[in-house]
2 protein chains.
Amino acid sequence: MQFDHVGIATPDAAALADLFSDLFDAPIAHEERFEGMTVLFLELEDGYFELLEPHEGGAIARYLDGHGPGIHHVALATDDVEAALAAAHDLDVALIDEEPRPGAWGHEVAFLHPKSTGGVLVEFVQH
Amino acid sequence: MQFDHVGIATPDAAALADLFSDLFDAPIAHEERFEGMTVLFLELEDGYFELLEPHEGGAIARYLDGHGPGIHHVALATDDVEAALAAAHDLDVALIDEEPRPGAWGHEVAFLHPKSTGGVLVEFVQH
């Protein structure tokens, strides 16, 4: 599989985007409001940082409360999220999403449960 | 810059490598003992997972004690770590490593301080 992005929980996506775009030469590729969050993609040569700033409750707001800002998940690109989920299930990996669901930027996404993947929250993403 | 790897703290690198190599089609590219850890690189199409299993004290052992297993850092590839550090310093980013130092797999590496980078531990790596 292919690296797609690292998802970062932040209380201030705009400020972090300013810094990261300079520091990593990673310009803003996409920005939207999605499920009560500002979601901002910064483009690396071969993938993205996804900055996630919650404006109301939800998983990212809870993450910020519990852990503080930082790396939230890693996403791998696949051309078939459904097949990737089925393969994960066959390996006895617990799924957060049993089916692909709409993600930011019009992607199809699904998350694996970190209890099965060494504490790593993994997202499959299909562009 | 280019994505290089996500570093993962784990109490059992061999078991996680078994799972990840199947789950992500990411075979083992390199394994070594480095600074009291097993360090194991799994190869994605465009980067790596770096699994870090400590066998004695150190930063990763402390991370496991404090946070449990999971994503520890993200690494970006550059062809000049020293220049990347100088640019980070000019942006008022706090550095953990003022100079590049030898990392696993013969790489030159340097870490930025997460207090300056939104809680994200960032490594620059030069192959």
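No experiment lies behind these values; they were computed from the predicted model shown. Below, chains carry the letters A, B, ... as their sequence lines are ordered, and counting in each starts from 1.
Within residues 63-79 of chain A, the residues having any heavy atom closer than 4.5 Å to a heavy atom of chain B are A:P69, A:G70, A:I71, A:H73, A:V74, A:L76, listed by residue number.
A search for ring-ring contact (aromatic ring centres under 6.0 Å, His included) contacts involving B:H89 returns nothing, not counting sequence neighbours. Applying the side-chain hydrogen bond (donor to acceptor under 3.5 Å, both in side chains) criterion to B:E35, with sequence neighbours excluded, gives no partner residue. Legend: residues meeting ring-ring contact (aromatic ring centres under 6.0 Å, His included) with A:F24, ordered by chain and number and at least two apart, are A:F20, A:F49.
Ranked by non-hydrogen atom pairs under 4.5 Å with chain A, the options B:I8, B:T117, B:D92 are led by B:T117. For the set A:D22, A:D25, A:T10, the entry with the most heavy-atom pairs within less than 4.5 Å of chain B is A:D22. Comparing B:L51, B:V122, B:L44 by heavy-atom pairs within less than 4.5 Å of chain A, the highest count is held by B:L44.
Heavy-atom distances place no part of A:A26 under 4.5 Å from chain B, backbone and side chain included. Of the atoms belonging to B:L23, heavy atoms from both backbone and side chain fall under 4.5 Å from chain A. Only the side chain of B:L112 comes within less than 4.5 Å of a heavy atom of chain A; its backbone N, CA, C and O stay farther away.
A continuous path of Ile, Leu, Val, Met, Phe, Trp and Tyr side chains, each step under 4.5 Å between heavy atoms, connects B:L85 with B:M1, placing both in one hydrophobic cluster. Criterion: ILVMFWY side-chain heavy atoms under 4.5 Å apart, direct or through other members. Under it, A:L40 and A:V6 are part of a common hydrophobic cluster. Hydrophobic clustering (side-chain heavy atoms under 4.5 Å, transitive across Ile, Leu, Val, Met, Phe, Trp, Tyr) keeps B:V120 apart from B:V125. In this structure, A:L91 is a member of the same hydrophobic cluster as B:I28, with clusters built from ILVMFWY side-chain heavy atoms closer than 4.5 Å. The cluster map of Ile, Leu, Val, Met, Phe, Trp and Tyr, joined by side-chain heavy atoms under 4.5 Å apart, puts A:W105 and A:L52 in the same cluster.
Distance alone, capped at 3.5 Å, places no donor-acceptor pair between the B:D46 side chain and the A:Q2 backbone.
Within 6.0 Å of the CD atom in B:E32, the count of heavy atoms belonging to other residues, nucleotides or ligands exceeds 12.
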Should A:V93 and B:L19 be marked as a side-chain contact (heavy atoms from CB on, under 4.5 Å) after you check the CA-CA gap, both sets of side-chain angles, and the distance that decides it? CA-CA 9 Å; A:V93 169; B:L19 175 64; 3.9 Å; yes
